Amino acid sequence: EDKVVQSPLSLVVHEGDTVTLNCSYEVTNFRSLLWYKQEKKAPTFLFMLTSSGIEKKSGRLSSILDKKELFSILNITATQTGDSAIYLCAGGYQKVTFGTGTKLQVIP
Amino acid sequence: EPEVTQTPSHQVTQMGQEVILRCVPISNHLYFYWYRQILGQKVEFLVSFYNNEISEKSEIFDDQFSVERPDGSNFTLKIRSTKLEDSAMYFCASRAQTGVGTEAFFGQGTRLTVV
């Protein structure tokens, strides 16, 4: 059975801190690892990772994939209260398996 | 910016009733998906759809569920006889093409409450 495990489950940090969110996966027919941010409703896309070792960046967010260790991390630097959300990791191809998410709360 | 739209945003139905959840994917997209998220739980894959047929489905997607693309723009999920445990947020997603380099875009979801 496909499995995506995220850690930590929940995190509370102060504004300005840097956080690292972890995702490990065991997914058959793996093609890509996806990161989404879920605030109130639908997940919004952050990154798609397909190759090992190549960091993707978008502003204060960055992510990297290790296909040998079946692992990905999402880094957020200089966190802001607007970063508070659940961050979802997902892996697969046509059938995408989601992790349970990491709930990040950034307090002023 | 193109987006996936879902209607209704919230539906309350009695147990045993049929419901149809509607989605309008992004217009040039070819791959369509339904996911659900029970309150407080993770997003779960239900079904993927391409070229007018189901390409993959999960064990959740039993005979009570069906999908259809009736008119080339809408993509619907039908639940034939709803159960209390079908209460969840249902997300539709679409993707331009398969393979590397394309991501799925999600609609805002339909919250289904079965009473």
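None of the values given here were measured: they were computed from a predicted structure. By convention in this document, chain letters (A, B, ...) are assigned in the order of the sequence lines, proteins followed by strands, and residues within each chain are numbered from 1.
Contact of the B:Tyr35 side chain with the A:Phe98 side chain is registered, since non-hydrogen atoms from C-beta on lie closer than 4.5 Å. Residues B:Gln37 and A:Pro43 form no side-chain contact, since every pair of their non-hydrogen atoms from C-beta on lies 4.5 Å or further apart.
For B:Glu85, the CD atom sits in a packed shell: over 12 heavy atoms of surrounding residues, nucleotides or ligands are nearer than 6.0 Å. Within 6.0 Å of CG on B:Leu84 lie more than 12 heavy atoms contributed by other residues, nucleotides or ligands. The environment of B:Asn51 atom CG is dense: over 12 non-hydrogen atoms of other residues, nucleotides or ligands sit within 6.0 angstrom.
A:Ala42 and B:Gly107 get closest at one heavy-atom pair: CB-O, 2.7 Å. Across every non-hydrogen atom of A:Lys41 and B:Gln108, the tightest pair is CD-O, 3.3 Å.
Taken together through direct or relayed side-chain contacts under 4.5 Å among Ile, Leu, Val, Met, Phe, Trp and Tyr, A:Leu46 and A:Val4 form part of one hydrophobic cluster.
The NZ atom of B:Lys42 sits 13.5 Å away from the CD atom of A:Gln38 when rounded to the nearest 0.5 Å.
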Listed pairs under 3.5 Å, donor-acceptor, residues 99-108 of chain A side chains, sequence neighbours left out:
unit_1, atom_1, unit_2, atom_2, d
A:Thr102, OG1, A:Pro8, O, 2.5

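Residues passing the salt bridge (Lys or Arg N to Asp or Glu O under 4.0 Å) test with B:Glu44, sequence neighbours excluded: B:Arg36.
Of all the listed residues (B:Glu56, B:Lys57, B:Gln41, B:Met89), the one sharing the greatest number of non-hydrogen pairs under 4.5 Å with chain A is B:Glu56.
A:Tyr36 and B:Phe106 have perpendicular rings, their planes meeting at more than 60° on a 0 to 90° scale where under 30° would count as parallel.
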